[in-house]
Amino acid sequence: MKIAKGTQRKGQTKEQTKLIASGIEKGIAEYKKQQNVKQRDQDKKRKHQNKLKAKQIIPSEEFQSTSKLNKLPWVLLAVSWVGYIALELVFK
């Protein structure tokens, strides 16, 4: 209403000012809707790109980390057997 009153012309009635104010409100509401739609589209694109990047990066990292984890139990088993044999030889 402030904007409509600020642009009011001489001889303009209150009804005309109210119509202008409602038009301004509708315009602002439409603009906000358009901006929300644009924001949603940008978020969808950004999320989609992030998912693609994640799919490309994760498999190689998973493979490296799982290969290292698969070796760990075997190394621990070998160390424990070497330790057990060493203790048996020392205390015999």
Side-chain angles (χ1 to χ4, degrees):
M1 193 66 170
K2 289 180 184 180
I3 296 171
K5 285 185 179 182
T7 59
Q8 190 174 12
R9 307 256 187 225
K10 290 183 180 179
Q12 187 173 325
T13 65
K14 287 184 179 181
E15 291 176 11
Q16 290 172 334
T17 305
K18 286 181 183 180
L19 287 173
I20 291 171
S22 68
I24 291 171
E25 287 179 25
K26 287 180 183 178
I28 291 172
E30 185 65 29
Y31 176 79
K32 286 182 179 180
K33 285 180 187 178
Q34 289 174 354
Q35 293 303 312
N36 287 337
V37 169
K38 285 181 183 178
Q39 185 68 31
R40 280 195 304 268
D41 289 342
Q42 288 175 350
D43 286 343
K44 286 179 185 178
K45 287 179 184 177
R46 182 180 46 82
K47 286 179 183 179
H48 182 69
Q49 289 175 350
N50 287 343
K51 284 182 183 179
L52 290 176
K53 286 181 184 177
K55 285 182 182 179
Q56 291 173 354
I57 294 171
I58 289 175
S60 62
E61 289 177 0
E62 283 181 8
F63 178 72
Q64 291 173 356
S65 63
T66 56
S67 65
K68 289 179 182 178
L69 291 176
N70 287 340
K71 292 178 184 178
L72 181 65
W74 292 106
V75 170
L76 291 175
L77 180 65
V79 169
S80 66
W81 276 99
V82 169
Y84 175 72
I85 292 172
L87 283 175
E88 286 295 320
L89 292 175
V90 169
F91 289 112
K92 268 193 172 181

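Start at 1 with the first residue, then count along the sequence.
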Could you state the interatomic distance from CG (L19) to OG1 (T13), rounded to the nearest 0.5 Å?
7.5 Å
Kindly compute the distance separating OG1 (T17) from CD (E15), expressed to the nearest 0.5 Å.
9.5 Å
Residues clustering with V75 (ILVMFWY side chains joined when closer than 4.5 Å, directly or via others):
V79
For a quick test of your reading: what N or O donor-acceptor pairs under 3.5 Å do the side chains of residues 25-41 make, sequence neighbours left out?
from	atom 1	to	atom 2	distance (Å)
N36	ND2	K32	O	3.4

Report yes or no: do V82 and L87 belong to one cluster of Ile/Leu/Val/Met/Phe/Trp/Tyr joined by side chain heavy-atom distances under 4.5 Å?
no
Please answer: with hydrophobic residues joined when any side-chain heavy atoms are less than 4.5 Å apart, are W81 and W74 in the same cluster?
yes
